[in-house]
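Heavy-atom basis, side chains included; hydrogens, waters and symmetry copies ignored.
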Amino acid sequence: MLRSAINSLHQSHQLQVKELEEVSVAVREPAVCPDCGVTMKVQKTVCRAGRTLAHGCFQVEETFYVCSSGCRKDGKPVTARSAQLAELLVPRSTVGYDVMVFVGLQRYVHHQQREEIREQLEAQYKIVLSTGEISSLARRFLVYLKTLHWQRAPILRDALQADGGWPMHVDATGEDGRGTVVTILSGWRGWVLDAWKAPTERAEFVLPGMQRVAKAFGAPCAIMRDLGKAMTEAANEFVKSLEHPIPVLACHQHFLADVGRDLLEHSHNQLRNTFRQLKLRSKLRLFVRQLGNRLGESIVEGREGVNRWLEDRDSPPPPLPDGVAGITKVRGMAQWVLDFHNDSSGHRFPYDQPWLDLHTRCLIVSADLATYLRTPPDDILVRRTVEKLERILDPVQRHPSLPLVAKAMRKRADLFHRLRDALRLQDGKKETIQKINDVQAALSRLTEDLQKQRPQRGPAQDVRQAIDIILTHLKRHGQYLSGHVISTPAIEAGFRLVARTNNLLEGEFHFVKHGERRRSGRKNLTQDFELLPAHAVLADNLRHPDYVNLICGSLDHLPHAFAQLDATDRSCSIASKTSPDLPRAESASLSSADKKFVRQPLFEERILLAAAQAQ
């Protein structure tokens, strides 16, 4: 009852607002010339429409004034208009700043589609906008947000320095090598400080952005980067330009993944290709489906029989049951092999090795079947079912290379897990100085142990190569895996810890990509990232209350903050003054612009003509 009453009241108010659209409001604010102090005279009165969230749709008669003494500025007469109305409506537009902010937040923070934004505006505020106008307002919103961000840079800088400085997290993302966005984030606050497009991930496109951010927000106290060549070179060059050196840190997560790929990728691919050649999974699926069709409705009885059989915990295990229970048990064994992904932790390769898990399950079930066939079931149908499953799994054991590849991969996986245990990224404990010291000690012990365990000669060539891979990575990146304790005299504790991974920035990228997929409905975001402005990443800062408080107080005050950006010149908005993006070097083999260029009919016609003349 209460909800229906609230909806009824809301609808009645919306109707009252709708009825006010035809009412014309006169705005006259007598003005004084700022140059001579003489009261200004009326120049003209203009009737215009307005649309704001606060007032709905309205008509207004606005009076413009001109200096009666003839004062001029920049060769033009000194004029004045309503200050109150100017703070409501975007220059040369009937749309209010609050509408633009609403559209921007829905588009870049909540990742709504244009039609969804359009429906919300109409349903909640009785404001009707076209989808094209919504796209235009969303682009304008980013221009205003970027301008406000850099205008408030001194305030943000003071906050960062009050924290004892800020660690720079830098990384790049894109889709299929296109639309690359380089982003710099302050580690302790989680604010995006800058983002820009780069034709490719190279040091020459990263270093200028790092220097620009340091100039505006102060030099960072540390740099957290991945292991890529571009980020490594850019970070090293940046540190050389600083007056006081700072630690450059490599992401432990990237380091571990890099070592894991070098250790396991070749064997992992061999296992995958071999299982695909054997068509093992398709044979198992067919086997399971056929048994399911044969059992029909009796599968319920079979499951009950298997449950009773499982309750018998005698050792050795009892023989397989007869009838539908036995067939159901054999069917379940095949399904257990197919469910090998359940052994994974969900972290993907190289942290999980699903094809090695499949091989392990195949060997386990093969051993079970051999046990049950030593004392064959009395039921001939059950025995034949066991023998058929054994024939399906038999190639896994008899394959000439599969057991050797799996054995070598297990040894390498053990070495990888030892490195993973030393880094302690998955223990879930809070980062402390003690934990960081323990990690460094564990890495030192692991290095010493591997050096002692490395075979000098003999048949253990694969183990020797695997150990060399880990030792080479530790030698190359070891100096960047420590230095996470930063002295900060400005705070009471006297120190702060830099995160050991770049997961904070990776999470930022995940948020943007997940939102874009939600908005577009596309899995592949190549085109979306080509068209998405780089400073769209700045919109995520609006989810941080401390950032919002510093730049405008609250999201409710964001329209007013945007209006102040136009205060110096109300003749046009800052969005119209923004210079278009300069052409960038094309690194993609076939970008959208290139596709349009080479698909011109005349372009193809000239190619065919030249080819014909060659004949």
Side-chain angles (χ1 to χ4, degrees), residues 267-346 348-349 352-407 409-410:
S267 300
H268 187 261
N269 291 341
Q270 283 184 304
L271 284 179
R272 179 193 60 203
N273 295 336
T274 302
F275 275 117
R276 287 178 176 176
Q277 290 172 0
L278 295 175
K279 298 181 179 179
L280 180 72
R281 289 194 297 168
S282 60
K283 292 177 181 178
L284 286 173
R285 292 191 188 104
L286 179 60
F287 175 77
V288 169
R289 286 197 299 269
Q290 288 175 341
L291 290 183
N293 292 333
R294 184 190 305 173
L295 290 169
E297 296 180 357
S298 64
I299 194 170
V300 176
E301 178 186 345
R303 288 169 180 156
E304 292 175 352
V306 172
N307 287 331
R308 288 193 297 270
W309 179 82
L310 292 173
E311 292 175 357
D312 188 351
R313 300 179 181 274
D314 293 341
S315 182
L320 289 175
D322 295 331
V324 295
I327 296 176
T328 303
K329 173 64 170 67
V330 178
R331 179 175 180 267
M333 294 169 71
Q335 290 175 312
W336 185 78
V337 175
L338 287 172
D339 193 35
F340 65 96
H341 284 291
N342 190 52
D343 291 338
S344 300
S345 61
R348 299 183 181 182
F349 180 82
D352 292 328
Q353 300 97 38
W355 297 104
L356 188 60
D357 295 334
L358 174 59
H359 183 265
T360 301
R361 289 201 173 200
C362 287
L363 297 182
I364 292 173
V365 171
S366 294
D368 282 359
L369 296 175
T371 299
Y372 293 133
L373 286 176
R374 289 195 192 103
T375 307
D378 296 332
D379 191 324
I380 189 171
L381 291 178
V382 175
R383 187 177 73 249
R384 289 177 178 174
T385 304
V386 173
E387 291 172 347
K388 184 174 182 179
L389 180 57
E390 185 185 41
R391 288 194 298 272
I392 293 175
L393 296 177
D394 186 59
V396 176
Q397 291 181 304
R398 295 185 180 275
H399 194 278
S401 62
L402 189 58
L404 297 177
V405 173
K407 182 179 179 181
M409 186 174 177
R410 285 190 179 91

Would you name the heavy atoms of [X] and [Y] that are closest together and state the gap between them?
X      : Y      : result
Ala334 : Leu284 : CB-CD2, 4.2 Å
Pro377 : Tyr372 : CD-O, 4.2 Å
Asp379 : Gly323 : OD2-N, 2.8 Å
Val324 : Ser298 : CG1-OG, 3.9 Å

Quiz prompt | Under the side-chain hydrogen bond (donor to acceptor under 3.5 Å, both in side chains) test, residues paired with Thr360 that sit two or more places apart | solution =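 For Thr360, the residues satisfying side-chain hydrogen bond (donor to acceptor under 3.5 Å, both in side chains) (neighbours in sequence not counted) are Arg410.
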
Quiz item: For Asp343, which residues count as a side-chain hydrogen bond (donor to acceptor under 3.5 Å, both in side chains) partner, sequence neighbours excluded?
Solution: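 If we apply the side-chain hydrogen bond (donor to acceptor under 3.5 Å, both in side chains) test to Asp343, skipping adjacent residues, the hits are Arg361.
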
Which pairs, with at least one residue in [range] and sequence neighbours excluded, count as a side-chain hydrogen bond (donor to acceptor under 3.5 Å, both in side chains)?
range            : result
residues 270-283 : Asn269-Arg272
residues 286-295 : Gln290-Lys388
residues 317-336 : none

Quiz item: Taking atom CG of Leu358 and atom CG of Asp339, what is their separation to the nearest 0.5 Å?
Solution: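 That separation rounds to 11.0 Å.
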
Self-check item: From Leu363 atom CG to Asp368 atom CG, the distance as rounded to the nearest 0.5 Å
Solution: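 Spacing of CG (Leu363) from CG (Asp368) equals 11.0 Å.
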
Exercise. If the plane angle is over 60° it's perpendicular, under 30° parallel, otherwise tilted; pick one for Trp355 and Phe340.
Key: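 Trp355 and Phe340: tilted rings.
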
Quiz item: Less than 4.5 Å apart, any side-chain heavy atom of Val337 and any of Met333?
Solution: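 No - every pair of side-chain heavy atoms lies 4.5 Å or more apart.
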
Self-check item: Test item: Phe287 and Val330 side chains (from C-beta on) under 4.5 Å apart, heavy atoms
Solution: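 Yes; the side chains approach each other to less than 4.5 Å.
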
Quiz item: Is a side-chain N or O of Asp352 found less than 3.5 angstrom from the main chain of Gly346, in a donor-acceptor match?
Solution: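 Pair found, side chain donor or acceptor close to backbone of Gly346.
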
Sequence neighbours excluded and cut-off under 3.5 Å, please list the side-chain donor-acceptor pairs for residues 390-405, or say none.
{"residue": "Asp394", "atom": "OD1", "partner": "Arg398", "partner atom": "NE", "Å": "2.9"}
{"residue": "Asp394", "atom": "OD2", "partner": "Arg398", "partner atom": "NE", "Å": "2.5"}
{"residue": "His399", "atom": "ND1", "partner": "Ser401", "partner atom": "N", "Å": "3.2"}
{"residue": "His399", "atom": "ND1", "partner": "Ser401", "partner atom": "OG", "Å": "3.3"}
{"residue": "His399", "atom": "ND1", "partner": "Leu402", "partner atom": "N", "Å": "3.2"}

Quiz item: Can you list the steps and then say if Leu356 with His268 is a side chain to side chain contact (heavy atoms under 4.5 Å, CB included)?
Solution: CA-CA 7 Å; Leu356 188 60; His268 187 261; over 6 Å; no

Exercise. Decide yes or no on side chain to side chain contact (heavy atoms under 4.5 Å, CB included) for Leu271 and Ser267, but give the supporting numbers first.
Key: CA-CA 6 Å; Leu271 284 179; Ser267 300; 5.7 Å; no

